[in-house]
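All chains are named by letter (A, B, ...) in the order of the sequence lines, taking the proteins before the strands, and each is independently numbered beginning at 1.
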Protein chains: 2
Amino acid sequence: MGSNLELVKLVYGSGRIRDERKGEHMRWRDLEKEPCSVARTLSIIGDRWTLLILRDCFMGVRRFEQFESNLGMTRHVLADRLKKLTSAEVLVKTPYGTAPVRQEYRLTEKGFDLYPVIMSIVHWGDTHMADERGAPVIHHHKTCGHHMHGELVCSECGEKLEARQVSVDLGPGFQDAV
Amino acid sequence: MGSNLELVKLVYGSGRIRDERKGEHMRWRDLEKEPCSVARTLSIIGDRWTLLILRDCFMGVRRFEQFESNLGMTRHVLADRLKKLTSAEVLVKTPYGTAPVRQEYRLTEKGFDLYPVIMSIVHWGDTHMADERGAPVIHHHKTCGHHMHGELVCSECGEKLEARQVSVDLGPGFQDAV
DNA sequence: TTTCATTAGTTCTATTTTAGAACTTGGATG
DNA sequence: CATCCAAGTTCTAAAATAGAACTAATGAAA
């Protein structure tokens, strides 16, 4: 994305949602209706706890009490987030075991697709938020056997993606206001 | 990351910070002290507005009024987030122009390094949150000339990264409680 | 068979964040 | 000299989160 200011105004600043209500600021629940994939995705994962819950999911955490004790968040909010992630089909809630029946939350394929988001966040943290000693956790790629990190490349040419080398255009899913 | 539950408890559930205050839940400002790169990164970008501000930055938005009108957020919170991003060195605030002198906020290199996070979020939104018509915005790679999306690969072997093919270990920057 | 423990929640009040709107400040502009 | 604009700050109201206690269903222990 270079400097695409006209497009920015057209797409993101189109203010469709706000205009309908005249003068009001955007509210969180309106985000999913914006013509922007960042806004739409953040309407699901863009709060203070959801990505930490998903981090735990990718580490194999599945049960309510486990999330609660690992994350240190209030049960109240945890229950709410699990419900939202379930209704967004990022997690599935399944009863398992017999006598006593317990509940578990597992990633769906849609949830698994968030892996690049988590891994990109991890790599930024390893690079910019670690102390002199280095990353708190290291990742091992079973396929090739090496320690590694996630790297973002162009889906077409495979080169490492740099923001300055990418420009944006209106896509088929954009629809102008009025 | 397969099923690494012992590690999860050790690293994320170590509860270092909470234990110091006995029984209290984790608060947001404590996140940066957790021995986890996800938590540390989210202490900077993990609120309801910051990633949308950064989306605009990557699109070339630089000035206060422009952020405000594109994002539709309150000036109050915008001022606060720009201040936090500046003190985290994700953005730099520079006066520019003469008579009148205006302020602009630009991405630092540290800020540019968040590009993979944004692009991973965009791709997930394009895949799972778009309607039948498709993505609202398409990306064009100047280097190779193709429409593309960001793809996360292993830094060592270049293969597409799958969560199930990655395991985690303690890294040098992890330090156990007590 | 009463008591206790566990899991997966819900309900309550208090505090913190965010929304919405108006006000301020330091130049330009007419 | 009055008005405009960019970049904020300040105020009250509403929403979200923290912190703690309570509930309901089951199973095990005394």
Side-chain angles (χ1 to χ4, degrees), chain A residues 15 17-19 21-31 42-53 56 61-87 91-106, chain B residues 15 17-19 21-31 42-43 46-53 56 61-87 91-106:
Chain A
I17 288 110
R18 269 171 293 145
D19 285 354
R21 292 195 317 268
K22 268 204 195 160
E24 280 179 35
H25 283 166
M26 188 147 71
R27 299 194 216 127
W28 195 251
R29 63 177 171 279
D30 296 329
L31 266 187
L42 291 178
S43 76
I44 293 178
I45 61 167
D47 74 288
R48 290 197 128 87
W49 286 108
T50 299
L51 278 166
L52 285 169
I53 292 172
D56 272 22
V61 174
R62 305 215 170 93
R63 281 161 61 172
F64 192 93
E65 302 289 320
Q66 245 177 337
F67 286 112
E68 200 264 331
S69 75
N70 282 339
L71 290 167
M73 64 190 292
T74 61
R75 308 171 69 78
H76 179 224
V77 177
L78 175 59
D80 179 75
R81 286 317 111 91
L82 290 173
K83 200 171 288 176
K84 280 181 179 155
L85 286 170
T86 301
S87 78
L91 301 180
V92 260
K93 178 180 175 180
T94 334
Y96 85 110
T98 48
V101 177
R102 303 298 185 201
Q103 305 302 320
E104 68 174 13
Y105 294 88
R106 273 170 177 274
Chain B
I17 287 110
R18 269 173 294 145
D19 285 354
R21 293 196 318 271
K22 268 204 196 162
E24 280 180 35
H25 284 165
M26 188 148 70
R27 297 197 215 126
W28 196 251
R29 62 176 170 281
D30 297 329
L31 266 187
L42 292 178
S43 75
D47 73 288
R48 290 198 127 86
W49 286 109
T50 299
L51 278 165
L52 285 168
I53 293 172
D56 272 22
V61 174
R62 306 215 168 92
R63 281 163 60 174
F64 192 92
E65 303 290 319
Q66 245 176 336
F67 286 113
E68 201 262 331
S69 75
N70 282 338
L71 291 167
M73 63 190 292
T74 62
R75 308 171 72 76
H76 178 225
V77 176
L78 174 59
D80 178 74
R81 287 315 113 88
L82 289 173
K83 201 171 287 174
K84 280 180 179 156
L85 285 171
T86 302
S87 77
L91 301 179
V92 260
K93 179 180 175 180
T94 334
Y96 85 111
T98 48
V101 178
R102 303 296 185 203
Q103 305 300 321
E104 65 173 17
Y105 294 88
R106 271 170 179 276

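Closest heavy-atom contact between Phe67(A) and Leu82(A): CE1-CD2, 4.3 Å.
Checking dG19(D), dA19(C), dT6(C) against every side-chain atom of His76(B), the shortest atom distance belongs to dA19(C). The listed nucleotides are dA19(C), dA7(D), dA28(C); the one nearest the side chain of Pro100(B) is dA28(C). Residue Arg81(A) places its side chain closer to dT17(D) than to any other of dT10(C), dA8(C), dT17(D).
The CG atom of Leu91(A) lies 13.0 Å from the CZ atom of Arg81(A); values are rounded to the nearest 0.5 Å. Atom NZ of residue Lys84(B) and atom CH2 of residue Trp49(B) lie 15.0 Å apart, to the nearest 0.5 angstrom.
Take the nearest nucleotide of DNA chain C for Arg48(A) and for Lys83(A): the residue whose nucleotide is more 5' is Lys83(A). The residue among Arg102(A) and Val77(A) whose nearest nucleotide of DNA chain D lies closer to the 5′ end is Val77(A).
Going from atom CG of Leu78(B) over to atom P of dT17(C) covers 18 Å, rounded to whole Å. Separating the CG atom of Asp80(B) from the P atom of dA7(D) is a distance of 18 Å, rounded to the nearest angstrom. Taking atom CG on Leu71(B) and atom P on dT18(C), their separation rounds to 14 Å, with Å as the unit. Residue Gln66(A) contributes atom CD, which lies 12 Å from atom C1' of dT7(C) at whole-angstrom precision. Put simply, CG on Asn70(A) is 13 Å from P on dT7(C), counting in whole angstrom units. Residue Phe64(A) contributes atom CZ, which lies 13 Å from atom C1' of dT6(C) at whole-angstrom precision. Atoms CE (Met73(A)) and P (dT16(C)) sit 18 Å apart, rounded to a whole Å. Across the protein-nucleic acid pair, Asp47(A) atom CG and dA18(D) atom P stand 10 Å apart, rounded to whole Å.
Residue contacts for Tyr105(A): at a heavy-atom cut-off of 4.0 Å it reaches the sugar-phosphate backbone alone, with no base atom in range. Base contact: Glu65(A) has a heavy atom under 4.0 Å from a base atom.
Within the structure, a side-chain polar atom (N or O) of Lys93(B) is placed less than 4.0 Å from OP1 or OP2 of dG8(D).
Contact annotation: side chain of Arg75(B) to base of dA7(D), donor-acceptor pair present below 3.5 Å.
Using a 4.0 Å cut-off between charged nitrogen and carboxylate oxygen, Glu104(B) and Arg106(B) count as a salt-bridge pair. At a threshold of 4.0 Å, the pair Glu68(A)-Arg63(A) does not count as salt-bridged, since none of the basic side-chain nitrogens sits closer than that to a carboxylate oxygen.
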